[in-house]
Amino acid sequence: MIDSSVLIIREFLAADGDFVSGSQLAELIGVSRVSVWSYMEKLKAQGFDFDAVRSKGYRLTKMPSELNESLIQARLTHAAASFTATVLDEVDSTNSEAERRIANGEPTPFVVLSRLQTIGRGRLGRVWHSPQNGNLYASFAFRPQISPTQMSLFTLWMGINICECINSVCRVSCKVKWPNDLHIEGKKIAGILTEARMEADQVRDVVLGIGLNVNSDGKDWPEELKSIATSLRQSSGETFDINRLVSAITGRIAIAYKQLEDGSHKKALKDKWPRYDSLVGKQVSLLQGESRISGTANGIDANGSLVIEREDGTRYLARAGEVTIEKKV
Ligand code: BTN
C-alpha cells in the first residue's frame, strides 16, 4: 500500500505550485480534514513547507534539499513503480545493508540510500569516502531471472544508463571509464560496485552500488582525491536537486534492468558505447596482478571486455583490471 505522505506529495507535485484543498487531500488518504493538518506538520518537519490559505487549502512552497524517502518515492515513474526506496541517516555501507535486507527476505527490487556511510566500499577492497556532504550513496537490489553469463554486461549496461540519465537531468557531459567509473573531463564523478551471489547456474541476487559526487564542493575530500575526482556541482557550478536525480536514476535503472532481462541490452550497449566511451583512442595501461599491458584502447567486445591494441599489432581483451591513461611525453 502506498504511504499517505507519498500520495500527498504526488498531489502537490501534480498541482505544480497551485493550491490543493484540504478536503481533496482528506479524501485522497481517507482521513478527516483535521487529520490532514497533522500529516502536513510531519512533512514540514522533513523540510517541506506550505502556504495555508483558509478558502483555498495548501500550496507547496519548499521541498527538502536532503535525501527524502517520500519525495523520491512520489516521483518514481510507472516503470519504477515496483521499487521501494529507503533513506537512512547513517549506515556502514548501503551495499552491505542491501545484502542484509535481501538475506532477511525483503522483496526486490528496492533501493537503499544513506546520507553517510561509515565503511563505504569501493572496488578492489578500497574505501569509498562517504561523509554527509550532499553526495549520493545508493544500492539497488534485484533477484534476477538471468544466468551468470548474462551478468557479464551488467555493470557496463547500468553504467551507460546512469551516465545518460545524469547527462540529461543535469545537462553535463559524463562518460563511462571502463569498467565501472563515470568521468567528466577526465575526473571521476561516480563509481559502481556490483556484487552478485551465484547459485549453481543461476544468479541468486545482485546489488548495484553507486557512489555519485553530486553537491559536494570537494573541500572535505582527502588530498589524494582532489586531483582525480570531481562532483556535478564542481564541474558545472550548479547545485542539483538530489531527490529528483535519485528518482530519475531509479526510473532509468528499472528500464535498463527490464532490457537486461529480455536481452535487448546487448545491441543497445553496442550502439551506445562509442558515444560514452571515455577511453577510446587513448594510450592506456592495464594492471592485472603483477603484469601490465599497454596499448591503445579500442572499444569493447560483445562480452564487455576492453579491447587493447598493442604496438606489435596484437589485441588484448581485458575482462577485468585497473586501467590508467598514459600521459603523453
Ligand atoms: C569504485 O569506484 O571503486 C566503486 C565505488 C562504489 C561506492 C558505492 S557508494 C554506495 C555503495 N555502497 C558501498 O559501500 N559502495 C557503493
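Note that ligands are numbered from 1 as they come in the structure, with each ligand's atoms numbered from 1 the same way.
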Run the numbers for me: atoms of ligand 1, each under 4.0 Å from some heavy atom of [X], listed by number.
| X | result |
| --- | --- |
| Gly211 | 7 (C), 8 (C), 9 (S) |
| Gly191 | 2 (O), 4 (C), 5 (C), 6 (C) |
| Lys188 | 1 (C), 2 (O) |
| Ser139 | 11 (C) |
| Ile192 | 4 (C) |
| Asn180 | 1 (C), 2 (O), 4 (C) |
| Gly120 | 14 (O) |

Backbone, side chain, both or neither: what part of [X] comes under 4.0 angstrom of ligand 1, heavy atoms only?
| X | result |
| --- | --- |
| Ala138 | backbone |
| Ile210 | backbone |
| Asp181 | side chain |

Would you mind telling me which of Arg126, Lys177, Arg292 makes a salt bridge (charged side-chain N to carboxylate O under 4.0 Å, His left out) with Glu322?
Arg126
So if I apply the salt bridge (charged side-chain N to carboxylate O under 4.0 Å, His left out) rule between Glu106 and each of Arg143, Arg100, Arg101, which one comes out positive?
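The passing option is Arg101.
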Among all the protein's non-hydrogen atoms, which is closest to atom 5 (C) of ligand 1, and how far away is it?
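It is Trp128 CE3, 3.3 Å.
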From Ser231 OG over to Ile189 CD1, what is the distance, rounded to the nearest 0.5 angstrom?
8.5 Å
For Val207, the other hydrophobic cluster members (4.5 Å side-chain criterion, sorted by chain and number) are Leu88, Val91, Ile102, Phe110, Val112
Salt-bridge present (Asp312, Arg310; N to O < 4.0 Å)
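Not counted as a salt bridge, because no side-chain N and carboxylate O are separated by less than 4.0 Å.
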Ion pair check, Arg315 and Asp301, cut-off under 4.0 Å
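Salt bridge between Arg315 and Asp301, a charged N being under 4.0 Å from a carboxylate O: no.
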Measure the acute angle between the ring planes of Tyr58 and Phe50, then classify it against the limits of 30° and 60° as parallel, tilted or perpendicular.
perpendicular
Which residues pass the side chain to side chain contact (heavy atoms under 4.5 Å, CB included) test with Asp262, not counting sequence neighbours?
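Partners of Asp262 by the side chain to side chain contact (heavy atoms under 4.5 Å, CB included) criterion, ordered by chain and then number, come out as Gln259, Ser264.
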Nearest-option assignment for atom 1 (C) of ligand 1, heavy atoms, candidates Arg123, Arg126, Lys177, His129
Arg123
Hey, are Thr61 and Asp49 close enough side-chain-wise for a donor-acceptor pair under 3.5 Å?
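Asp49 vs Thr61: no donor-acceptor pair found between side chains.
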Arg121, any N or O under 3.5 Å of ligand 1 N or O:
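There is such a contact, yes.
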Would you say Thr94 and ligand 1 have an N/O pair spaced under 3.5 Å apart?
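It does: an N or O of Thr94 is found under 3.5 Å from an N or O of ligand 1.
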